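Below is one structure, written out as C-alpha cells, with a few remarks after it.
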Amino acid sequence: MIEEATVDAYGGDEQLTGLFTMIEEHLAVPFTTTVLGVEVSVYKIDLTADSIVAVCARGCHRQRIDLLDLPLPTPAPDGTAWIDAYRHWAGR
C-alpha cells in the first residue's frame with residue numbers, strides 16, 4: 001500500500017502527500033472514536049506541513065489530533081488500512 005501511495009513521490013514531503021491522498025480518498029468519515037475518555041466525531045482528515053491529522057469535534061469544540069496518535073474505534077471504519085500503512089511508513 002505504501003508503494004502504491006508513494007510511487008511517484010520524490011522525498012518525504014511528497015510521500016506524505018501521497019499517503020494523505022489515499023487516506024482522504026478511502027477513509028470513511030465521519031466516524032466516532034474515544035479520545036482521552038471522551039467520545040468525539042472525526043469528520044475530516046487534513047494535511048499539515050509535517051503530518052496528517054484528524055479533525056475531531058465534540059459539540060462546538062474542534063481539535064486536530066495527529067493520525068499517528070488517534071485511537072481507532074472497534075469496529076474500525078472502512079479505509080483504516082491506509083492509516084495503518086501511514087503509521088508503518090512513519091515508523092509507528
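Values in this document were obtained by computation on a predicted structure and should not be read as measured data.
Counting heavy atoms from C-beta on, the side chains of M1 and M22 never come closer than 4.5 Å.
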Stepwise side chain to side chain contact (heavy atoms under 4.5 Å, CB included) check, L70 with R87: CA-CA 11 Å; L70 183 73; R87 289 175 174 173; 4.2 Å; yes
Side chain to side chain contact (heavy atoms under 4.5 Å, CB included) assessment of D78 paired with L27: CA-CA 6 Å; D78 290 342; L27 184 63; over 6 Å; no
Verdict with supporting geometry, R92 and D69, salt bridge (Lys or Arg N to Asp or Glu O under 4.0 Å): CA-CA 10 Å; R92 292 246 182 123; D69 299 324; 2.9 Å; yes
Candidate pair D46 and T48, rule side chain to side chain contact (heavy atoms under 4.5 Å, CB included), full reasoning: CA-CA 7 Å; D46 205 1; T48 67; 5.8 Å; no
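Residues E14 and D8 share a closest heavy-atom pair of OE1-O, 3.8 Å. Considering every non-hydrogen atom in both T33 and V42, the closest pair reads CG2-CG2, 4.0 Å.
When atom types are taken as modelled, the side chain of T17 and the backbone of D13 share a donor-acceptor pair closer than 3.5 angstrom. The backbone N or O of D84 sits nowhere less than 3.5 Å from a side-chain atom of H88 that would complete a donor-acceptor pair. With hydrogens and angles ignored, the 3.5 Å screen pairs no side-chain donor or acceptor of Y86 with any backbone N or O of L16. At distances below 3.5 Å, at least one donor-acceptor pair connects side-chain atoms of R58 with backbone N or O atoms of E39.
Linking Ile, Leu, Val, Met, Phe, Trp and Tyr whenever their side-chain heavy atoms come within less than 4.5 Å puts I23 and V29 in one cluster. Hydrophobic clustering, with ILVMFWY side chains joined whenever heavy atoms are under 4.5 angstrom apart, groups L36 together with L68.
In this structure, CG in L67 is found 13.5 Å from CH2 in W82, a value given to the nearest 0.5 Å.
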